[in-house]
Amino acid sequence: MIYKLEKTGQMVQYRILREEEIERGLFRSFLRHQDVTKCWRRVEGEWVIREDPFVDDWSEADYETLVSCLRNTVATSGFVYGAFCDGALKGFVSVEPGLFGSRREYMDLSSIHISEDMRRQGLGKQLFQAAVDWARGKGAKKLYISAHSAVESQAFYRAMGCVEAREYRQDHVEKEPFDCQLECRL
């Protein structure tokens, strides 16, 4: 699919990524950088916004892990979908194969990231919708998201219809204890 961005007029191509193209060079024009100032935190059972300034960016080791994880997602029949501007990857989403949860109704939206230079232009919405469509087609009733707690990130997920997950996936909680555990009904 090819879409024209309303704000800039740039053309964006969306497509499924193949395992062999997922390598470090794919991310050469991708800017992960995010200046975070406020985050959602659970305090005494209530969600509150707290000042917690930090810079979120990926190291080379993080890129190596990302490449390995995305390649594994494709190799195990999961979904990896990208957004490209002028041939450069500017956003991607991944969904892991297999249903889980007490009712086996969840699929794991394992990543969704937009390059800093392309945020707030609709790429995230398109990628999220592609993940929803793919998971629904595989029999899922809900997407599970262990989501970054930054206020801006949470605003995006809320706009997509996400709410706090009814069931928490313990491995996600242990890996990223400050993430917000969300679900999106399909």
Side-chain angles (χ1 to χ4, degrees), residues 1-37 55-60 62-97 107-138 140 142-162 179-180 182-186:
M1 284 192 256
I2 297 178
Y3 290 96
K4 186 175 185 178
L5 296 177
E6 290 181 23
K7 292 180 183 177
T8 65
Q10 288 178 284
M11 301 302 285
V12 180
Q13 178 189 25
Y14 295 89
R15 65 177 176 79
I16 291 174
L17 298 180
R18 298 176 322 275
E19 184 178 358
E20 62 272 10
E21 71 183 308
I22 302 172
E23 45 86 23
R24 178 60 179 99
L26 180 65
F27 299 93
R28 69 185 166 278
S29 298
F30 192 89
L31 305 171
R32 169 59 188 103
H33 184 266
Q34 183 177 0
D35 289 316
V36 178
T37 55
V55 174
D56 203 351
D57 214 338
W58 289 332
S59 67
E60 280 306 311
D62 293 330
Y63 278 107
E64 286 178 27
T65 300
L66 175 66
V67 166
S68 176
C69 289
L70 292 177
R71 288 178 65 94
N72 182 68
T73 300
V74 172
T76 57
S77 300
F79 180 68
V80 180
Y81 195 68
F84 293 82
C85 270
D86 298 322
L89 181 71
K90 292 298 181 175
F92 62 95
V93 66
S94 61
V95 181
E96 302 305 315
M107 282 191 131
D108 188 3
L109 188 145
S110 49
S111 64
I112 183 167
H113 296 283
I114 308 302
S115 185
E116 182 179 38
D117 57 328
M118 296 298 291
R119 292 182 191 143
R120 289 173 282 290
Q121 296 189 50
L123 276 71
K125 290 176 187 175
Q126 292 290 333
L127 292 169
F128 193 89
Q129 187 59 53
V132 164
D133 294 343
W134 185 86
R136 185 183 295 127
K138 297 294 181 183
K142 299 177 181 180
L143 280 177
Y144 186 94
I145 307 111
S146 183
H148 199 292
S149 61
V151 168
E152 299 84 359
S153 299
Q154 287 300 304
F156 167 78
Y157 289 114
R158 300 296 172 182
M160 296 296 98
C162 299
D179 274 6
C180 298
L182 305 175
E183 68 180 42
C184 181
R185 183 173 297 281
L186 309 182

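These numbers were taken from a predicted model, which means no experiment stands behind them. Counting begins at 1 with the first residue of the sequence.
Once rounded to the nearest 0.5 Å, the distance linking CG of Leu31 with NE2 of His113 reads 13.5 Å. From Gln13, atom CD reaches atom CZ of Arg15 across 5.5 Å, with rounding to the nearest 0.5 Å. In this structure, CE in Met160 is found 11.0 Å from CG in Leu127, a value given to the nearest 0.5 Å. Considering OH of Tyr144 and SG of Cys162, their distance stands at 12.0 Å, rounded to 0.5 Å. Rounding to the nearest 0.5 Å places CD of Glu96 at 11.5 Å from OG of Ser77. If you take CZ on Phe128 and CG on Leu123, they are separated by 15.0 Å, rounding to the nearest 0.5 Å.
A distance-only check finds no donor-acceptor pair linking the side chain of Asn72 to the backbone of Cys69 [under 3.5 Å]. Arg32 places no side-chain N or O within 3.5 Å of a backbone atom of Asp57 that could act as its donor or acceptor partner.
In summary, the side chains of His148 and Asp56 do present a donor paired with an acceptor at a separation below 3.5 Å, with no hydrogens or angles considered. For the residue pair Gln121 / Arg119, no side-chain donor-acceptor distance below 3.5 Å is found, with atom types taken as modelled. A donor-acceptor pair shorter than 3.5 Å can be found between the side chains of Ser111 and Ser94. Asp62 and Thr65 share no side-chain donor-acceptor pair at under 3.5 Å.
Residue pairs meeting the salt bridge (Lys or Arg N to Asp or Glu O under 4.0 Å) criterion with at least one member in residues 84-93, sequence neighbours excluded: Lys90-Asp117. Screening residues 148-157 for salt bridge (Lys or Arg N to Asp or Glu O under 4.0 Å), with sequence neighbours left out, gives no hits.
The pair Glu23-Arg71 does not meet the salt-bridge criterion, since no charged nitrogen lies less than 4.0 angstrom from a carboxylate oxygen.
In this view, Phe27 and Tyr63, Phe92 satisfy the ring pair (Phe, Tyr, Trp, His ring centres under 6.0 Å) rule, not counting sequence neighbours.
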